[in-house]
Amino acid sequence: MKNITFRFLVSIGIITLVATSVCAKPVKAAAELPQLLQQDGRYALMVDGAPFVMLGAQVHNSSNYPQALKKVWPAIKDMNANTVEIPVAWEQIEPVEGKFDFSYVDTLLAQARQNKVRLVLLWFGTWKNTNPQYSPAWVKLDNARFPRMVNKDGKPSYCLSPFGEETLKADKKAFVALMSHLKKIDQAHHTVILIQVENEVGTYGLVRDFGVKAQAAFNQPVPQLVLDHKKSLVPLAATGTWSEVYGEYADQYFHTYAIATYIEEIAKAGRAVLDLPMYINNALRDPFDTAPWKDNFASGGPTYDVIDIYKAIAPHISFSAPDIYGPESAKFTATLDRFQRPDNPLVLPEMSNAAEYVRYTYLVLGRGALGFAPFGIDYADYSNFPLGSKLTDKTMVAPFGKIYAAFRPMARQWAKWAFEGRTYGVAESDARTAQTIALKNWKATVSFREWQFGEKAWFPNLKDLPANTEQPNGGVAFAQTGDNEFIIVGQHARVKIDGAAANAGKASLWARVEEGHFDPSGKWVMERVWNGDQVDYGLNLTGNPVVLKVTMGTY
Ligand code: DGJ
């Protein structure tokens, strides 16, 4: 957790501002398209005029057909998701050049509305995981008109070249057709709240295009916009060709520039028709690796090290987002640190659906992400193990579903608190040690593998450990809703809160701990009060997440 107290203090000043901008024009606000707001480096995704957090689920890659949707909705219901991320493939909307078929899109939007969820549409066009497989046959089989990248020996790669003028023209035309159709059927509904442009772009096995056009561009001076945003990691020339300025990083940065230029043109054209926020997702490189590309990640994709190039070249892309399929806690957290920046909101459009990732739901939502989506959430009877879970039924969905069930009734409040800088998150680390969080005038300590009674030190000979904690699966999310008031949701963790800063050294107690929920109007409804054993040793959160409203007191 970096400098969270500071984040909170900074947030105090914006509360009125946000409330004013949302409340001042309620009628207009409801008519406004989804958009991103930024204040002091924090973000809100505004949907129907108020902050919204995507409790999302991404379906499998081939679930984008009307028949397949039948196996999507039951899983989404079990998940308690409020948003579904789902592909729209170029090959399905334009199977024959110039002839568009939006029947799937129509079915999808109608069923999403019936199921009371929003949609994030994933545009699988020129590149899906760097590959042209979702482009129509008339594109992916015509090398002459839609060229592939070539290596130094002129041998073609599998990947389409970002220098293919016809490819860009054709992808843009199809994307604009999609956005025009959405404008017709959804402008007043806001069922679709975000658009992902392409999917995990970049190239494996080849650092950049070495074709004639690409080479000519590579020999040109680096554009000023790139120079302004991206400093060389090594002291080299301040201006000049890509090689002169960026040395060993030149090929990767140039390819990034080429893909960013391509994507910008598509996003810009799409937003000119219907101005929805658009983003790109990333197949990660190791967050601790800073060395030049050595065939260890997709060159040209929005890896953490080149987000600045996308910012410079693709202003119609609102953010770059990480897809996380590595469970190690240190890397997971480092990846969030790399992508959550004052100029780049945190969104996890994909995360493994395996059990060891469940704990990260609290960390990501607590860090104020605009959205979060485990991948492979449908009942299509397909497992992407070892990236994801081996399970393909309710038992795969349930661990996430019970967390979303706690968050969903207060999702709007949570999004507002996040925008105000009031939220914090913890996931149990692989080391399984206790973690502390600096709140405003309070400090929370979160520990794991505790029994619900007493302190570990009292029972030195006790070897038993709580059931279902064999793997790290604890997590807690906090919102500080007042000076001494917190909303807490978590699982498999013990929470203690002590005075800090202005309250440091003061004797403190749980003034009141209520378990309850928020009703649809946003009013807190108390179900019971925790006291006695339920608070004497901290708040012991079990495997069943509940929402607690906690008031601290000093004496
Ligand atoms: C990341 C991709 O973006 C997804 O579409 C999917 O292929 C997963 N990897 C793997 O299941």
Side-chain angles (χ1 to χ4, degrees), residues 54 56-65 68-69 71-72 75-76 79 81 83-92 108 119-135 140 158-160 194-205 259 263 278-287 296-304 310 317 319-327 331-332 335-336 339 347-358 360 364 371-393 396-397 400:
M54 295 188 288
Q58 185 164 151
V59 304
H60 281 293
N61 283 170
S62 308
S63 298
N64 55 321
Y65 286 84
L69 291 176
K71 294 189 174 164
V72 166
I76 298 305
M79 183 83 173
T83 305
V84 177
E85 298 178 355
I86 189 161
V88 175
W90 186 2
E91 66 179 352
Q92 76 184 137
L108 172 65
L119 294 173
V120 176
L121 298 187
L122 316 173
W123 173 239
F124 285 8
T126 303
W127 296 295
K128 191 281 173 189
N129 294 25
T130 77
N131 199 300
Q133 69 204 91
Y134 280 85
S135 66
K140 61 190 172 199
Y158 68 95
C159 186
L160 292 177
L194 262 185
I195 305 280
Q196 182 186 292
V197 186
E198 314 292 346
N199 188 82
E200 291 195 350
V201 297
T203 310
Y204 292 105
I259 295 181
I263 288 181
M278 298 192 181
Y279 74 96
I280 46 178
N281 62 332
N282 177 230
L284 305 175
R285 69 176 296 184
D286 185 321
N296 51 341
F297 58 92
S299 172
T303 45
Y304 80 83
Y310 277 93
I317 292 297
F319 55 90
S320 300
D323 294 344
I324 309 190
Y325 290 91
K331 284 193 182 173
F332 197 105
T335 296
L336 300 186
F339 281 83
V347 177
L348 244 73
E350 290 181 39
M351 185 193 75
S352 168
N353 60 2
E356 64 261 51
Y357 293 78
V358 171
Y360 295 122
V364 175
F372 173 80
F375 177 87
I377 306 298
D378 61 35
Y379 294 146
D381 193 25
Y382 200 84
S383 150
N384 66 346
F385 179 83
L387 285 193
S389 176
K390 283 181 188 164
L391 307 167
T392 58
D393 58 9
M396 171 266 291
V397 172
F400 294 102

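In listed order, ligands and their atoms are each counted from 1. If you're wondering where the values come from, they're calculated on a predicted model, not measured in any experiment.
- Panel note: side chain His60, backbone Ala380; no donor-acceptor pair is recorded below 3.5 Å.
- Considering only heavy atoms from C-beta on, Leu122 comes within 4.5 Å of Gln58 through its side chain.
- The environment of Tyr158 atom OH is dense: over 12 non-hydrogen atoms of other residues, nucleotides or ligands sit within 6.0 angstrom.
- Atom CE of Met278 sits about 9.5 Å away from atom CG of Leu194, to the nearest 0.5 Å.
- For atom 8 (C) of ligand 1, the closest heavy atom belonging to the protein is Tyr325 OH, 3.7 Å.
- Close approach of ligand 1 to Asn199 (heavy-atom distance below 4.0 Å) involves ligand atoms 2 (C), 3 (O), 5 (O).
- Heavy-atom proximity to Asn384, at under 4.0 Å, picks out these atoms of ligand 1: 10 (C), 11 (O).
- The heavy atom nearest to atom 5 (O) of ligand 1, considering only Val59, Asn282, Asn61, is found in Asn61.
- At a 3.5 angstrom cut-off on N or O pairs, Lys128 counts as close to ligand 1.
- Between the choices Gln196, Glu350, Gln58, the shortest heavy-atom distance to atom 4 (C) of ligand 1 belongs to Glu350.
- Distance from atom 6 (C) of ligand 1 to its nearest protein heavy atom, with residue and atom name: Phe375 CZ, 3.5 Å.
- Without hydrogens or angle criteria, Ser320 side chain to Ile280 main chain gives no donor-acceptor distance under 3.5 Å.
- The atoms of ligand 1 that sit less than 4.0 Å from any heavy atom of Glu200 are 1 (C), 2 (C), 3 (O).
- Looking at Tyr134 and Gln92, their side chains never bring a donor and an acceptor atom within 3.5 Å of each other.
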